[in-house]
Amino acid sequence: MTEGAAGTETAPAHRYTAAVAGQIERRWQDYWADHGSYRAPNPAGTLAEEGAPLPSDKLFVQDMFPYPSGTGLHVGHPLGFIGTDVYARYHRMTGRNVLHTMGFDAFGLPAEQYAAQTGTHPRTTTEANIERYLQQIRRLGLGHDERRRIATTDVEYYRWTQWIFLQIFNSYYDEEQDRARPIGELEKEYAEGVRATPDGRAWSELSRVEQREIIDEHRLVYISEAPVNWAPGLGTVVANEEVTADGRSDRGNFPVFRKNLRQWMMRITSYADRLLDDLDRLDWPEKVKTMQRNWIGRSRGANVRFPVDGKTIEVFTTRPDTLFGATYMVLAPEHPLVDELTAEEWPASADGQTAVDERWTGGATTPAEAVADYRRQASRKSELDRQESKEKTGVFIGAYAVNPVNDARIPVFIADYVLMGYGTGAIMAVPGQDQRDWDFATKYGLDIIRTVQPAEGFEGEAYTGDGPAINSTNADLSLDGLGIEDAKKAIVAWLEEHRHGEGTVQYKLRDWLFARQRYWGEPFPIVYDENGLPIALPEEHLPVELPDVADYAPTTFDPDDADSEPQPPLAKATDWVEVTLDLGDGPKKYRRDTNVMPQWAGSCWYQLRYIDPDNHERFVDPENERYWLGPRPAEHGVNDPGGLDLYVGGVEHAVLHLLYSRFWHKVLYDLGHVSSEEPYRRLYNQGYIQAFAYTDSRGFYVPAEEVEEKDGRFFHNGEEVKQEYGKMGKSLKNVVTPDEMSRNYGADTFRFYEMSMGPLDDSRPWATKDVVGSHRFLQRLWRLVVDEETGEVRVADTELTDDDRRQLHRTIAGVREDYAELRFNTAGAKLIELNNYVTKVYGAAAATPRELAEPLVLMLAPMCPHVAEELWNRLGHPDSLVHGPFPVPDEQYLVDETVEYPIQVNGKVRSRVTVAAEAGKDEVRAAALADEKIAALLDGAEPRKVIVVPGRLVNVVR
RNA sequence: GCCCCCGUAGCCCAACCGGCAGAGGCAGUCGACUUAAAAUCGACGCAGUGCGGGUUCGAGUCCCGUCGGGGGCACCA
């Protein structure tokens with residue numbers, strides 16, 4: 001009993017309030033830091049622990065690399081971080097060696113742009129932002145191994161990024177062995193004559209420059225004069241993956257132009273098959289796998305060559321079986337053969353009698369004029385126009401090709417529905433089986449020949465379904481009657497035999513444009529010699545440090561000025577660019593490469609550096625890599641590629657980061673530097689926390705926290721406002737920060753709330769008003785252990801009832817399963833349920849049984865580590881619970897002695913009967929039928945059927 | 001246009017292999033404490049699972065159609 005209420009105007013002195021939570025949280029955060037509680041020992045190197053046996057059971061959990069933005073975090077940002085922390089903590093408590101840390105992807109545009117505006121060095125801004133970011137996440141009590149923090153901007157880190165670049169640069173893809181090999185082995189093959197030079201001369205007869213040029217063509221990193229995506233408004237080129245569907249830059253939303261420039265490329269296409277096929281070995285969301293599959297875009301088909309006036313048009317088709325139905329051809333307007341093939345004047349039409357169809361000429365008097373006009377029109381169309389209007393257009397170029405299967409003369413067109421960037425930039429058009437070709441053919445009056453018999457009742461136009469081939473016979477080949485697959489095999493064999501083509505595979509995936517004309521990124525470890533050839537710096541010249549420059553920004557241009565040329569900031573650092581080095585043949589003058597790597601570079605391999613963050617000899621010690629990332633077939637199956645045990649992040653990186661990272665990892669694997677074939681065995685996409693925003697009648701945002709709801713309408717200062725749903729952001733005036741949540745409720749409450757809002761992979765709206773529920777739960781739990789008035793521990797060693805044990809062990813079993821399956825919302829609900837039970841039974845009693853209180857505290861620990869530590873400590877345990885124990889369920893309390901069966905009659909519950917748990921089907925059936933309500937309903941009639949589902953229910957069908 | 005995911009109570013969400021629609025939280029109502037209020041504590045479930053069909057003894061769960069929301073791809077030959 002508490003004494004009289006006099007003077008208790010405030011809350012009891014020892015209640016779990018935000019202030020108490022704050023003290024506890026800081027105290028335990030200091031304790032963990034002082035004790036290095038989250039340090040995960042390595043097998044070898046500086047982070048190995050002498051004398052202590054290393055658990056073979058390990059877990060490597062990682063969050064996607066955050067960019068330390070200067071604007072600070074809102075409550076949505078840490079969702080995944082807390083999720084991984086809970087998961088990591090649970091496993092750490094069960095005795096596993098858990099590696100969890102967090103670093104920063106710190107190169108990138110914002111710091112550079114800020115530098116350009118203010119003159120502050122990007123490093124200064126970046127470091128300040130990282131510090132700010134760390135303050136925010138430290139307040140949340142994330143159990144990171146602080147020794148393993150890295151930032152991509154650390155010279156010691158990017159030194160190894162450059163080193164990996166050199167590994168890739170110094171490699172080529174051996175198609176026979178299907179793996180990357182050191183470039184030196186290729187050179188040896190040339191030198192020994194195992195491999196022939198392009199022009200057949202002996203290797204030794206070639207000049208050094210010639211030799212280098214041949215070698216350079218095989219490297220996995222190469223310079224190419226190729227169409228790249230130039231964004232004048234950004235002042236840099238960007239990768240294909242960074243261009244949106246409407247032809248703008250992912251970042252900044254500037255127009256992007258295709259332009260031929262000399263640029264660094266990475267030969268990711270060599271890995272297309274492996275990147276695609278190995279998806280099957282990964283435990284990833286299907287959605288992400290599908291996106292990668294689509295991006296790689298493998299299609300199997302054939303290349304077919306069509307003769308035209310002594311020249312040849314080569315096309316790629318996935319439907320070589322329809323070759324007999326090819327009635328015309330189309331080249332992309334920018335196809336290099338167009339100029340060569342365009343006729344002097346319009347020929348007579350195919351039958352040689354009449355003039356050429358006037359629909360084909362675009363009204364021009366000569367084919368050259370038609371082509372020029374059409375090209376002009378096509379180039380004026382933006383990407384967006386092209387997509388919006390799918391109306392087919394094109395012109396005849398006055399030439400006829402010959403279909404190799406039947407010698408038919410078929411007209412050649414140019415049309416912008418054929419893209420230069422895919423396949424060979426030319427197609428054979430088969431209107432009978434392709435809707436695009438059908439549309440074009442009907443518009444221009446071209447022949448349509450069906451070569452697949454449409455299914456019965458087919459009423460569409462082009463028929464793309466399966467069916468027997470028809471109209472597909474020549475002198476020595478007939479496909480007629482064959483299904484699509486068999487017809488493909490037959491025609492490909494025929495094409496190969498007659499040298500008209502061959503089976504082949506095409507990919508949408510292009511090589512990775514790897515250079516950016518910016519300042520705040522990793523410099524290339526490359527110099528150019530007097531011949532202008534790139535030379536990889538030897539390892540001992542690393543790191544190549546970023547020089548200081550006066551002006552951090554690349555020259556940007558009018559976003560629409562397609563003719564501008566990139567001018568990188570590093571080019572202005574002439575003292576740095578012009579360098580004298582001794583690369584083995586005496587000091588010579590060289591010119592440094594002035595590009596920097598794209599931001600993706602640093603995040604391609606950070607999981608490897610987390611493993612061995614201060615290894616100065618290697619980027620990662622092989623023994624440590626094998627321990628943390630190596631394949632574990634015994635646990636994950638014979639196909640296990642290895643990699644992180646859990647990687648959590650947003651789905652927006654589905655293609656870019658995750659594809660690049662896999663690519664680098666595979667190169668490192670091929671070269672023998674890592675034992676794992678994939679970086680991320682298991683991937684999980686957390687959802688997004690979104691928020692409501694409100695606009696007033698003028699369309700301006702009003703502070704969301706000041707809006708009141710009444711009867712489904714919303715008011716701000718009495719004025720009705722409109723509700724919107726979406727992102728959290730300063731401009732939307734709806735930002736809620738983790739800092740204010742920690743201040744108002746404590747970090748543990750915030751963590752618990754975030755986890756209990758719903759499944760981790762769901763997106764959902766933030767609701768500050770709901771947080772109080774989580775806070776009340778922790779208060780109630782606290783109250784079971786600590787007397788709010790006196791602060792004394794109110795736990796005693798009393799005996800539990802059977803009911804207590806059943807409740808407890810059922811909870812333990814359920815919570816363990818939920819934690820292991822990342823179902824933190826239901827784990828939380830089970831803890832609340834148990835807590836409510838204990839409160840009900842012992843809340844008013846003198847004391848809470850220790851046997852209930854302790855497991856409850858331990859099970860809470862992954863989600864609310866601070867308050868759990870505090871209570872565990874007050875319960876008399878001097879050691880931290882970071883490493884457990886975690887309660888284990890006692891099987892005997894998981895089974896009930898009796899089971900209550902609902903009895904349905906025709907599917908509707910009519911009665912209930914309780915029988916012994918071990919009762920057989922017949923006993924349950926008998927008990928059900930003996931029930932008076934059921935007997936009454938049956939009214940003496942024999943039931944038609946009685947279904948007994950053991951442990952579930954009985955259904956009586958009458 | 002094509003493909004994928006999701007629609008359960010006023011709101012956020014549970015519900016295993018098809019087996020009693022409700023675990024948990026918010027809000028609400030009632031009660032206790034209080035001079036009062038807040039805080040706290042206790043009690044109370046209002047929907048039949050977006051809609052229409054189908055399969056089944058039985059459907060939130062499986063199938064078909066449809067509507068709504070979210071996402072991906074988009075002339076890829």
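Below, read A as the first sequence line, B as the second, and so on, with proteins coming before strands; counting in each chain starts at 1. Side chains included, hydrogens not; waters and symmetry mates left out as well; all remaining heavy atoms used.
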Protein-nucleic acid N or O pairs under 3.5 Å, nucleotides 57-59 of chain B:
| from | atom 1 | to | atom 2 | distance (Å) |
| --- | --- | --- | --- | --- |
| B:rC57 | O2' | A:Asn955 | ND2 | 3.4 |
| B:rC57 | O2 | A:Asn955 | ND2 | 2.4 |

So, is [X] close to the [N] phosphate, meaning a side-chain N or O under 4.0 Å from OP1 or OP2?
X	N	answer
A:Lys840	B:rA43	yes
A:Arg783	B:rC41	yes
A:Ser299	B:rA77	yes
A:Asn294	B:rC3	no

d([atom1], [X]; [atom2], [N]) in whole Å:
X	N	atom1	atom2	value
A:Met291	B:rC5	CE	P	15 Å
A:Ile689	B:rG70	CD1	P	19 Å
A:Asp321	B:rA77	CG	C1'	13 Å
A:Gln690	B:rC11	CD	P	18 Å
A:Asp762	B:rC11	CG	P	16 Å
A:Glu391	B:rC75	CD	P	16 Å
A:Leu953	B:rU56	CG	C1'	14 Å
A:Phe714	B:rG10	CZ	C1'	11 Å

Please work out if [X] contacts a base, only the sugar-phosphate, or nothing of the nucleic acid, heavy-atom cut-off 4.0 Å.
X	answer
A:Thr424	nothing
A:Lys508	base
A:Thr317	sugar-phosphate

Parallel, tilted or perpendicular for A:Phe316 and A:Tyr422, by the 30°/60° rule?
->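 A:Phe316 vs A:Tyr422 ring planes: perpendicular.
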So which nucleotide does [N] pair with, by the Watson-Crick or G-U wobble rule with both distances under 3.5 Å?
N	answer
B:rG22	B:rC13
B:rU49	none
B:rA27	none
B:rU34	none
B:rC2	B:rG72

Which of the following nucleotides, B:rA23, B:rC75, B:rC20, is nearest to the side chain of A:Thr826?
->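 It is B:rA23.
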Scan for salt bridge (Lys or Arg N to Asp or Glu O under 4.0 Å) pairs involving residues 418-434 of chain A, sequence neighbours excluded, and state none if there are none.
->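 Listed once each, the pairs are A:Asp434-A:Arg436.
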[N] to [M] separation - [atom1] atoms, rounded to the nearest Å:
N	M	atom1	value
B:rG19	B:rG10	C1'	30 Å
B:rA15	B:rG53	C1'	25 Å
B:rC13	B:rG18	P	25 Å
B:rG70	B:rC75	C1'	26 Å
B:rA9	B:rU56	C1'	28 Å
B:rG24	B:rA14	P	14 Å
B:rC46	B:rG22	P	10 Å

Nearest-nucleotide 5' precedence on RNA chain B, A:Tyr422 against A:Lys287 |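 Result of the comparison: A:Lys287.
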Please tell me which of A:Arg15 and A:Gly297 maps to the more 5' nucleotide of RNA chain B, matching each residue to the nucleotide holding its nearest heavy atom.
->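 Result of the comparison: A:Arg15.
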Which residues, if any, of residues 806-824 of chain A bring a heavy atom under 4.0 Å of RNA chain B?
->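 Under 4.0 Å from RNA chain B: no residue of residues 806-824 of chain A.
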Return the set of residues passing ring pair (Phe, Tyr, Trp, His ring centres under 6.0 Å) with [X] (not counting sequence neighbours), or none when no residue passes.
X	answer
A:Trp782	A:Tyr16
A:Phe752	A:Phe777
A:Tyr463	A:Phe458
A:Tyr684	none

Set of salt bridge (charged side-chain N to carboxylate O under 4.0 Å, His left out) partners for [X], sequence neighbours left out:
X	value
A:Asp818	A:Arg823, A:Lys830
A:Lys443	A:Glu391
A:Asp273	A:Arg298

Scan for side chain to side chain donor-acceptor pair (under 3.5 Å) pairs involving residues 755-766 of chain A, sequence neighbours excluded, and state none if there are none.
->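 Every side chain to side chain donor-acceptor pair (under 3.5 Å) pair that includes a residue of residues 755-766 of chain A, provided the two are not neighbours, is A:Trp766-A:Thr768.
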Taking the six-membered ring for Trp and the single ring otherwise, decide whether the centroids of A:Tyr753 and A:Tyr745 are under 6.0 Å apart.
->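 Ring centres of A:Tyr745 and A:Tyr753 not closer than 6.0 Å.
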Validation row, ring centre A:Phe440 to ring centre A:Tyr328 under 6.0 Å =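 Distance test on ring centres: under 6.0 Å, yes.
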With syn defined as a glycosidic torsion within 90 degrees of 0 and anti otherwise, which applies to B:rC17?
->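 Here the answer is syn: the torsion falls within 90° of 0.
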Using the glycosidic torsion, which applies to B:rG70: syn (within 90° of 0) or anti (everything else)?
->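 Anti, since the glycosidic angle lies more than 90° from 0.
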Can you establish whether the number of heavy atoms outside A:Glu314 located under 6.0 Å from its atom CD is more than 12?
->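 For A:Glu314, atom CD is crowded (more than 12 foreign heavy atoms under 6.0 Å).
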All N/O pairs under 3.5 Å across the protein-nucleotides 24-29 of chain B interface:
| from | atom 1 | to | atom 2 | distance (Å) |
| --- | --- | --- | --- | --- |
| B:rC26 | OP1 | A:Arg776 | NH1 | 2.5 |
| B:rC26 | O2' | A:Lys769 | NZ | 3.0 |
| B:rC26 | O2' | A:Asp770 | OD1 | 2.6 |

A:Val304 vs A:Val405, side chain to side chain contact (heavy atoms under 4.5 Å, CB included): CA-CA, chis, key distance, verdict | CA-CA 10 Å; A:Val304 185; A:Val405 284; over 6 Å; no
Does A:Gly649 offer a backbone N or O that forms a donor-acceptor pair with the side chain of A:Asn685 under 3.5 Å?
->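 Yes, because the side chain of A:Asn685 sits within donor-acceptor range (under 3.5 Å) of the backbone of A:Gly649.
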